[in-house]
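Remarks on the structure that follows.
Note that ligands are numbered from 1 as they come in the structure, with each ligand's atoms numbered from 1 the same way. Everything numeric in this text was worked out from a predicted model, so none of it was measured.
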Amino acid sequence: MKHIIIDCDPGIDDALALLLAAGSPSLRVLAVTTVAGNRPVATTAVNGRKIMDLAGQRQVPVYAGAALPLGYAEARCNLVHGEDGLGGVDVGAASPVQDGHAANRLIELLLEHPPHTIELVATAPLTNLALAESLSPGILRRARRLLIMGGALRFPGNITPAAEFNFYADPIAAGMVLAAGANTVLFPLDVTSSAIMTPAWIDSFHQLGSACGRAAAGMLQAYAELDPLLHDACPVAHLLDETLFTGEPCRVEVDWRPGPTAGHALAWFGEQVGAAHPPNVLAMTAVRNDALLALVRGAIATLP
Ligand code: RIB
Ligand code: CA
């Protein structure tokens, strides 16, 4: 049994990551923390609550977190996931989001559990994690691993030519988290660009005959029109089957400066890694996509 926390900005691929976790008995989701990203945090928090309720996980607390990125006066959102963040798909009502700021709850949960026992998955701008580290220096190193979807290393950005959205939306936080010295596994666009959804796979969710199957089909059909990639399911899938992905140690630093390269992830690989540029992440670079898609669908098939 792996104890996990998912920090996310639902967002359709975040929703799939939550459903994958909820449908996997080897994972115990201790909490879902949400942040401004794809949509404002008021939206992402309610969406996280809706998806966990849909999956029959009402007992898992969902917390709202940062409304603004570090150092910027407004959140950088997008409309890839629709105005409501879930592709306009009705996934049911939401029970109340729990009291308590996500950054504080991350600290409290990591302190309540023995060191190196919680897997912290992050599929959004890293503002909550950076705030937690700022409030309680060293707290991120208390996690067993950070499993982060973000960055574009030897790959073009998807929100600007230089940057992937999660790192672009809060580049200061991304830089802080990667510099925190935690055991970090990174899932950049270099690998998530291969996590390609097929129309047949999306259609197959209709055959499940369940509320979660119908919601997944509707959300994915809306999402695939703009971004047919299962970015955020990747870190959760790695927790379930560590043979799905291959990667290599590298050093990643994030350009936090305002301007055209904001959020750019500069990576040192191979012989470039060394004393001057010690590795700070295991960067995943390849995935067995058919197996990934089968894993996600199999987990969702177990949900109500
Ligand atoms: O670049 C992909 C990331 O940005 C994913 O986490 C997706 O949800 C969006 O937030
Ligand atoms: Ca996300």
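Among the atoms of Asn166, some N or O lies under 3.5 angstrom from an N or O of ligand 1.
Distances from the Ca ion (ligand 2) under 3.0 Å pick out these protein N/O/S atoms: Asp9 OD1, Asp14 OD1, Asp14 OD2, Thr123 O, Asp232 OD2.
Near Asp232, meaning under 4.0 Å from one of its heavy atoms, ligand 1 places the atoms 5 (C), 6 (O), 7 (C), 8 (O). Short contacts between ligand 1 and Asn158, defined as distances under 4.0 Å to a heavy atom of the residue, involve ligand atoms 1 (O), 2 (C). Residue-ligand proximity, Asp13 to ligand 1, at heavy-atom distances under 4.0 Å covers atoms 5 (C), 6 (O), 7 (C), 8 (O). Proximity to Asp14 (heavy-atom distance under 4.0 Å) selects the following atoms of ligand 1: 8 (O). Residue-ligand proximity, Thr123 to ligand 1, at heavy-atom distances under 4.0 Å covers atoms 6 (O). Close approach of ligand 1 to Phe165 is summarised as follows: ligand atoms under 4.0 Å from at least one heavy atom of the residue are 1 (O), 4 (O), 9 (C), 10 (O).
Contacts with ligand 1 closer than 4.0 Å are made by no heavy atom of Val80, backbone or side chain. Residue contacts with ligand 1 for Thr192 are absent, since no atom lies close enough (heavy atoms, distance under 4.0 Å).
Under the 3.5 Å distance criterion, the side-chain polar atoms of Arg297 are matched with a main-chain donor or acceptor of Ser204.
Taking a 6.0 Å sphere around CH2 of Trp268, one finds it holds more than 12 heavy atoms contributed by other residues, nucleotides or ligands. Annotation: Gln59, atom CD; neighbour count of heavy atoms from other residues, nucleotides and ligands within 6.0 Å is above 12.
With respect to Arg145 and Glu242, a salt bridge is recorded, a charged nitrogen being found less than 4.0 Å from a carboxylate O. Ion pairing of Lys2 with Glu119 is absent here, as no side-chain N (NZ or NE/NH1/NH2) approaches a carboxylate O to less than 4.0 Å.
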Set out, in order, the CA-CA distance, both residues' side-chain angles and the distance that settles salt bridge (charged side-chain N to carboxylate O under 4.0 Å, His left out) for Asp84 and Arg39, then state yes or no.
CA-CA 8 Å; Asp84 70 343; Arg39 303 304 295 142; over 6 Å; no
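Of the candidates Leu266, Asn280, Leu178, Asn280 is the only one forming a side-chain contact (heavy atoms from CB on, under 4.5 Å) with Arg251.
Taking the six-membered ring where the residue is Trp, the centroids of His238 and Phe187 are separated by under 6.0 Å.
For the pair Arg288 and Phe245, the NZ or CZ position fails the cation-pi test of under 6.0 Å to the six-membered ring centre and within 45 degrees of the ring normal. For the pair Arg76 and Tyr168, the cation-pi criterion (under 6.0 Å, within 45° of the ring axis) is fulfilled.
Side-chain contact check for Ser95 versus Arg49: some heavy-atom pair is nearer than 4.5 Å.
Counting only heavy atoms of the protein, atom 9 (C) of ligand 1 lies nearest to Asn38 OD1, 3.2 Å.
For atom 1 (O) of ligand 1, the choice among Met149, His231, Glu164 with the nearest heavy atom turns out to be Glu164.
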